[in-house]
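Each remark here refers to the structure printed beneath this line.
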There are 2 protein chains.
Amino acid sequence: MSQLQDAVFRALADPTRRGLFERLCRQGDTTVVGLLADAGVSQPVVSKHLKILKAAGLVHDRHEGRYTYYSARREALGTLVDWTTEMAGFWQDRFDDLDDLLKRMDQ
Amino acid sequence: MSQLQDAVFRALADPTRRGLFERLCRQGDTTVVGLLADAGVSQPVVSKHLKILKAAGLVHDRHEGRYTYYSARREALGTLVDWTTEMAGFWQDRFDDLDDLLKRMDQ
DNA sequence: ATGACGTATACCCAATTGGCTATACGTTTG
DNA sequence: CAAACGTATAGCCAATTGGGTATACGTCAT
C-alpha cells in the first residue's frame with residue numbers, strides 16, 4: 001500500500017543499513033568516514049546505503065564544507081510503529097501520543 | 001546481529017508477504033486458497049512466502065486433512081517493537097509489559 | 001595552484017529474490 | 001480405485017540487490 005511504508009521496511013531489511021541507522025541513533029550527527037569505521041563495507045557502499053535510508057526518510061544529511069553529517073530521523077520509525085500497532089490491533093491507546101513524543105524527540 | 005531479527009525484517013520487507021501477514025492478522029486461521037484470493041500471485045508463490053514468514057516466526061501453520069491453516073503469530077512483532085524501542089531510546093517503560101500483553105493476545 | 005581529503009556517482013558483477021509452470025504428494029470424494 | 005482438490009517442492013528465469021573498483025567533484029591545506 002503506502003509508498004513510504006514500503007520504503008521504510010525495505011530500507012531496514014538490510015543488516016548493513018540497519019547497522020548504519022543504529023549507529024546514527026546512538027551517536028547522531030556522524031560523517032561518512034565516521035560511519036565507515038564499523039560498517040564493514042567500502043565508502044561508496046556506505047554512501048549508497050545512506051542514500052536509500054534518506055529516501056525512506058530514516059536519515060537526514062547536512063553538508064558542512066567537504067563533510068556530510070548524517071543523523072537519524074527517528075520520527076520515521078512512526079511508520080513502523082503505526083503498522084505494528086495496526087497489526088497487533090490492540091493497545092492503540094498506548095501509542096496514541098507517539099507522534100507528539102517522537103516530534104519532541106527530534107529536537 | 002540477531003538472526004531472528006534479521007529474518008523478521010527481511011520477511012516483512014516484501015509487500016506481498018506483508019500483505020499475507022496483514023490478512024492473517026485481520027482474519028486469522030486461513031487456508032492457502034483463502035489467502036490466494038487477494039494475494040495477486042500464484043498458489044506456489046503464496047506457499048513460498050508463507051514458508052518464509054513461518055521461518056521468521058511470524059506465522060504458524062496447522063494441518064487439517066488436506067488443508068493447511070495459517071495464522072499470524074503476533075508475538076513475533078515483539079522483535080520489531082524491541083528494536084524500534086531501542087532505536088528510539090525513549091519510552092522504554094511504555095513497552096515494558098508488551099511481552100506479557102502479546103502473550104495474552106495469542107490466545 | 002596543487003595535492004590530499006571527503007563524498008557521491010558510474011559502471012560492473014555475482015548472488016539473491018520473486019515470480020512462473022510443472023509436478024509430486026497426500027487427502028477427500030464419487 | 002480414480003479423479004479432483006489443497007498444498008508443497010522443483011526447476012527456471014528476469015529483475016533486483018549488495019558489493020566492488022574507478023573516478024568525478026567539491027573543499028581544504030600547503
Side-chain angles (χ1 to χ4, degrees), chain A residues 1 3-24 27-73, chain B residues 1 3-24 27-73:
Chain A
M1 277 285 187
Q3 175 59 41
L4 174 66
Q5 187 183 84
D6 206 65
V8 170
F9 272 104
R10 219 174 262 288
L12 295 175
D14 181 72
T16 304
R17 235 134 48 204
R18 262 204 322 284
L20 288 171
F21 182 74
E22 288 185 26
R23 291 200 46 198
L24 288 175
Q27 62 195 56
D29 250 36
T30 313
T31 66
V32 176
V33 178
L35 292 166
L36 191 50
D38 305 67
V41 291
S42 66
Q43 175 269 313
V45 170
V46 170
S47 284
K48 206 190 279 185
H49 280 311
L50 288 169
K51 190 176 183 179
I52 293 172
L53 287 169
K54 186 183 171 187
L58 286 158
V59 145
H60 170 264
D61 64 336
R62 171 174 63 84
H63 298 281
E64 193 162 319
R66 58 179 158 177
Y67 296 94
T68 308
Y69 289 90
Y70 282 89
S71 54
R73 288 192 62 249
Chain B
M1 276 288 188
Q3 176 58 41
L4 175 66
Q5 186 183 85
D6 206 65
V8 170
F9 272 104
R10 218 174 263 287
L12 295 176
D14 181 71
T16 304
R17 236 136 46 204
R18 262 204 322 285
L20 288 171
F21 182 74
E22 287 184 27
R23 289 200 46 200
L24 288 175
Q27 62 195 55
D29 249 35
T30 313
T31 67
V32 176
V33 178
L35 292 167
L36 192 51
D38 306 68
V41 290
S42 68
Q43 176 269 312
V45 170
V46 171
S47 284
K48 205 190 279 187
H49 280 311
L50 287 169
K51 191 176 183 178
I52 292 171
L53 286 169
K54 187 183 170 189
L58 286 159
V59 146
H60 169 262
D61 64 337
R62 170 174 63 85
H63 298 280
E64 194 161 319
R66 60 179 158 178
Y67 297 93
T68 308
Y69 290 89
Y70 282 88
S71 54
R73 290 192 63 248

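Chain A is the first sequence line, chain B the second, and so forth, proteins listed ahead of strands; every chain is numbered from 1.
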Exercise. Can you name the nearest heavy-atom pair linking L36(B) to S42(B), along with the distance?
Worked result: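 For L36(B) versus S42(B), the nearest heavy atoms are CD1-C, 3.7 Å.
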Exercise. Which heavy-atom pair separates A7(A) from A56(A) by the least distance, and what is that distance?
Worked result: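 That would be O-CB, 3.6 Å.
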Phosphate oxygens OP1/OP2 of [N]: is one of them under 4.0 Å from a side-chain N or O of [X]?
X: R17(B); N: dT17(C); result: no
X: T31(A); N: dG6(C); result: no
X: Y70(B); N: dG6(D); result: no

Figure out the [atom1]/[atom2] separation between [X] and [N], and round it to whole Å.
X: Q43(B); N: dA10(D); atom1: CD; atom2: C1'; value: 13 Å
X: H63(B); N: dT27(C); atom1: NE2; atom2: C1'; value: 13 Å
X: E64(A); N: dG26(D); atom1: CD; atom2: P; value: 19 Å
X: H49(B); N: dT17(C); atom1: NE2; atom2: P; value: 12 Å
X: I52(A); N: dT9(C); atom1: CD1; atom2: C1'; value: 14 Å
X: L36(B); N: dG19(C); atom1: CG; atom2: P; value: 13 Å
X: R10(B); N: dT16(D); atom1: CZ; atom2: C1'; value: 13 Å
X: D61(A); N: dG6(C); atom1: CG; atom2: P; value: 18 Å

Exercise. Which distance, rounded to the nearest 0.5 Å, do you find between the CZ of R10(B) and the CZ of R18(A)?
Worked result: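 Nearest 0.5 Å value for the CZ-CZ distance: 7.5 Å.
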Counting side-chain heavy atoms from CB outward, which of [options] is closest to [X]?
X: T16(A); options: dC20(C), dG19(D), dG6(D); value: dG19(D)
X: P44(A); options: dA10(C), dG18(D), dC20(C); value: dA10(C)
X: T68(A); options: dT9(C), dT7(C), dA8(D); value: dT7(C)
X: R66(A); options: dT7(C), dC28(D), dT7(D); value: dC28(D)
X: D14(A); options: dT7(D), dG6(C), dG18(D); value: dG18(D)
X: Y67(B); options: dT7(D), dT17(D), dG19(D); value: dT7(D)

Exercise. Can a donor-acceptor pair under 3.5 Å be found between the side-chain atoms of K48(A) and the base atoms of dG19(D)?
Worked result: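 Result: at least one qualifying N/O pair found.
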